[in-house]
Amino acid sequence: MVHPLIPQVLELVAPVAQELGLEVVEAVFHTNQSPPVLRIDVRSLENEDTGLDDCEKMSQALEAVLDTSDIIPDAYVLEVSSPGVSAALESDRDFVVFKGFMVEVALTESHKGKKQWVGQLVRRDDETVVLSQKGKSISLPRNLVQTVELSDQSPD
């Protein structure tokens, strides 16, 4: 369950992140710790990797904004980090960054007799997700795609 302060926190931190060339991926307020921990995950809009410098700049900028807003009146710890690599590909950026990687595609219904496809990611457009299996191009209808995840499997 999302902590009730998170929407207000996101309103404050999103513009700060954007000024620094970052986007906020997730914000979580862990109130079960003493002191509570506010964790903000950010991703670089310019680079593939979000570095320690990015997190440090964001942390310094956020401290000032959060302190002056007094949105969290009691003591807390601010953690700014990179979300790391998620297995699920969702954004257009994910499909560009992971082009050439092995992925597993789950479909909502069978296409050419299969609901699960594994192959190298070629591209995603408005109509299809295209994989390469042993050099052969496979176009999967995007409207049937349920999930696309990074995989360590080899193609069938």
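As the structure is a prediction and not an experimental result, all values here were calculated from the model. What you see below is based on every heavy atom in this structure, not just the backbone, and it leaves out hydrogens, waters and symmetry mates.
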### Query
Any side-chain heavy-atom pair from V42 and I40 closer than 4.5 angstrom?
yes
### Query
If you round to the nearest 0.5 Å, how far is CG of L45 from CZ of R43?
8.5 Å
### Query
Where the side chain of D67 meets the backbone of A64, is there a donor-acceptor pair that is under 3.5 Å apart?
no
### Query
Tell me, do L12 and L10 make a side-chain contact under 4.5 Å, heavy atoms counted?
no
### Query
Strictly by modelled atom types, are Q116 and E104 linked by a side-chain donor-acceptor pair under 3.5 Å?
yes
### Pairwise distance CZ(R124) to CG(L89) - rounded to 0.5 angstrom
8.5 Å
### Query
To the nearest 0.5 Å, how far apart are CG in L38 and CZ in F29?
6.0 Å
### Whether over 12 other heavy atoms sit under 6.0 Å from E149 CD
yes
#### Entry: E11 and P7, any side-chain heavy atoms less than 4.5 Å apart
no
### Query
Do V13 and Y76 belong together in a cluster built from hydrophobic side chains that touch within less than 4.5 Å?
yes
### Message
Could you measure the distance from the CE atom of M58 to the OG atom of S44? Nearest 0.5 Å is fine.
### Response
12.0 Å
### Task
Considering non-hydrogen atoms only, spot the tightest contact between P35 and A75 and give its length.
CB-O, 3.9 Å
### Message
Using side-chain heavy atoms (C-beta onward) and a distance below 4.5 Å, is E63 in contact with Q60?
### Response
no
### Query
Hey, quick one: are V16 and I6 part of the same hydrophobic cluster, counting side-chain heavy atoms closer than 4.5 Å, chains of contacts allowed?
yes
### Task
Examine V77 and V65 and state if one hydrophobic cluster contains both, with Ile, Leu, Val, Met, Phe, Trp and Tyr joined whenever side-chain heavy atoms are less than 4.5 Å apart.
no
### Message
Does any part of the side chain of K112, heavy atoms only, come nearer than 4.5 Å to the side chain of W117, both counted from C-beta?
### Response
yes
### Query
Which heavy-atom pair separates S82 from C55 by the least distance, and what is that distance?
N-SG, 3.8 Å
### Query
Under 4.5 Å between side-chain heavy atoms, hopping through other hydrophobics if needed: is there a path connecting L5 to V25?
no
### Message
Could you walk me through whether I71 and V9 satisfy the side chain to side chain contact (heavy atoms under 4.5 Å, CB included) test, starting with their C-alpha distance in whole Å, then the side-chain angles of each, then the deciding distance to 0.1 Å, before giving a yes or no?
### Response
CA-CA 8 Å; I71 194 171; V9 168; 4.3 Å; yes
### Message
So which atom in L107 and which in K114 form the shortest heavy-atom distance, rounded to 0.1 Å?
### Response
CD1-O, 3.8 Å
### Message
Evaluate F95 against V148 for side chain to side chain contact (heavy atoms under 4.5 Å, CB included), listing each step before the verdict.
### Response
CA-CA 9 Å; F95 282 86; V148 179; 3.9 Å; yes
### Query
Have D41 and S81 got a donor and an acceptor in their side chains that come within less than 3.5 Å?
yes
### Query
Going by heavy atoms in the side chains, are P141 and E127 under 4.5 Å from each other?
no
### Query
Is there side-chain contact between V103 and V118, with at least one heavy-atom pair below 4.5 Å?
no
### Task
Would you check if L121 and V129 make a side-chain contact, meaning some heavy-atom pair closer than 4.5 Å?
yes
## Note on the structure
In short, Q146 meets T108 closest at the heavy-atom pair CB-CG2, 3.9 Å
### Message
Tell me if a side-chain donor or acceptor on R142 pairs with a main-chain N or O of D125 at a distance below 3.5 Å.
### Response
yes
### Task
Say whether V122 and L144 are linked into one hydrophobic cluster, either directly or through other cluster members, by side-chain heavy-atom distances under 4.5 angstrom.
no
### Query
Measuring from K57:NZ to L62:CG, what's the distance to the nearest 0.5 Å?
14.0 Å
## Note on the structure
Between the CD atom in Q133 and the CG atom in L131, the distance rounded to the nearest 0.5 Å is 6.5 Å
#### Entry: H30 side chain to N32 backbone, donor-acceptor under 3.5 Å
no
### Summary
What one should report as the nearest heavy-atom pair of V130 and S137 is CG1-OG, 3.4 Å
